[in-house]
Amino acid sequence: MSVQNPLDLPDSDPFDVARIAAEQIAEKTGVERHDIALTLGSGWGKAAELLGETTATIPAHEIIGFSKPALEGHVGTLRSVLLPGGKRALVIGARTHYYEDHGVRRVVHSVRTAAATGVKTMILTNGAGGIKETWKPGTPVLISDHINLTADSPLEGATFIDLTDLYSKRLRDLAHSIDSTLDEGVYCQFRGPHYETPAEVQMAKIIGGHIVGMSTALEAIAARQSGMEVLGMSLITNLAAGIQKTPLSHAEVIEAGQMAEPVISALLARIVAAI
Ligand code: 8IG
């Protein structure tokens with residue numbers, strides 16, 4: 001664990017670090033406030049180009065609290081995008097995963113920073129495994145709720161936050177008005193980085209899960225704590241272990257993401273334009 005990152009210092013306040021990060025973003029982008037933020041997970045990256053005009057691109061590690069990306073296929077940049085309607089979007093292409101073992105503060109730092117830049121709508125996207133057999137690789141799904149199986153939380157101390165309607169019904173309805181065929185599902189966040197065993201996938205199904213992944217739930221909790229409205233979307237890149245008969249491979253997951261990317265990115269851009 002790097003001691004250079006102020007989030008790792010026990011007496012630092014993660015919200016102070018997020019405020020400084022937001023000031024640095026304002027300075028480097030020339031944009032005082034952002035309205036919408038998007039975290040683009042695997043398969044969603046092309047949306048950055050389709051949303052509007054990119055007016056600034058910053059390597060995320062130049063901003064306080066951000067880590068260098070750990071994973072191939074994850075672009076470590078923050079972009080400021082001018083949307084057609086005049087709103088400003090902050091596009092986060094630098095996700096720190098829980099399995100990287102840098103602690104939850106670093107996992108949710110981008111979300112807290114987005115809130116500190118003025119963002120009211122947080123869009124969290126990911127690549128994930130599907131439990132519903134009717135979903136094919138390449139299917140985008142709205143997240144309707146989550147089950148957090150990390151046994152961790154971004155909240156520190158006795159901070160009680162209501163998570164009813166965490167994944168905004170209003171924003172899901174809006175997404176449905178753009179594409180009425182969009183299905184919804186409950187996202188189960190596992191710690192990873194291993195994929196699940198078939199028995200774990202069956203457990204997730206029995207407890208009410210439809211999607212298995214390694215991000216998003218902790219970020220959504222932090223987004224709600226910061227008062228933002230959350231829209232969550234998963235790209236089903238593979239059926240979960242045991243649901244699909246063949247073993248899971250990271251290469252296949254990347255390939256399914258690349259195939260679906262133009263279609264789902266265009267869909268996301270249309271949803272954002274309607275917000
Ligand atoms: I892409 O099948 C992707 N991410 N936990 N399980 C979990 N995460 C994933 C999966 C999956 N596919």
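Counting starts at 1 for both ligands and their atoms, in listed order.
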> Is the shortest side-chain N to carboxylate O distance from Arg224 to Glu219 below 4.0 Å?
Replying inline: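 No, this pair does not count.
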> Does a side-chain N-to-carboxylate-O contact under 4.0 Å join Arg106 and Asp8?
Replying inline: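 Counted as a salt bridge, because a side-chain N and a carboxylate O are separated by less than 4.0 Å.
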Looking at [atom], what's its closest protein heavy atom, distance included?
atom                    : result
atom 11 (C) of ligand 1 : Tyr195 CD2, 3.5 Å
atom 2 (O) of ligand 1  : Asn238 ND2, 3.0 Å
atom 5 (N) of ligand 1  : Glu196 OE2, 2.5 Å
atom 4 (N) of ligand 1  : Gly127 O, 3.6 Å
atom 1 (I) of ligand 1  : Thr237 OG1, 3.0 Å

> If you count the atoms of ligand 1 from 1 in the order shown, which ones are under 4.0 Å from a heavy atom of Val253?
Replying inline: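 That gives atoms 1 (I) of ligand 1.
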> Does the pair Thr55 and Arg79 meet the rule for a side chain to side chain donor-acceptor pair (under 3.5 Å), with working shown?
Replying inline: CA-CA 8 Å; Thr55 60; Arg79 292 202 203 196; over 6 Å; no
Going from [atom1] on [X] to [atom2] on [Y], what distance comes out if it is rounded to the nearest 0.5 angstrom?
X      : Y      : atom1 : atom2 : result
His210 : Ile147 : NE2   : CD1   : 8.5 Å
Leu82  : Arg88  : CG    : CZ    : 4.5 Å
Leu248 : His194 : CG    : NE2   : 12.5 Å

> What part of Leu248, side chain, backbone, both or neither, has a heavy atom within less than 4.0 angstrom of ligand 1?
Replying inline: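 Contact part for Leu248 vs ligand 1: side chain (C-beta onward).
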> For ligand 1, does Val212 get within less than 4.0 Å through its side chain, its backbone, both, or neither, judged by non-hydrogen atoms?
Replying inline: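 For Val212, backbone and side-chain atoms both sit under 4.0 Å from ligand 1.
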>> I'd like to know if Ala128 contacts ligand 1, where contact means a heavy-atom distance under 4.0 Å to any ligand atom.
In response: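 Ala128: in contact with ligand 1 (<4.0 Å).
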> Heavy-atom contact under 4.0 Å between Gly213 and ligand 1?
Replying inline: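 Yes, that is the case, since the closest heavy atom of the residue is under 4.0 Å from the ligand.
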> Just one of Lys120, Arg170, Lys169 clears the salt bridge (Lys or Arg N to Asp or Glu O under 4.0 Å) bar with Glu229, so which one?
Replying inline: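 Testing Glu229 for a salt bridge (Lys or Arg N to Asp or Glu O under 4.0 Å) against Lys120, Arg170, Lys169 leaves exactly one candidate, Arg170.
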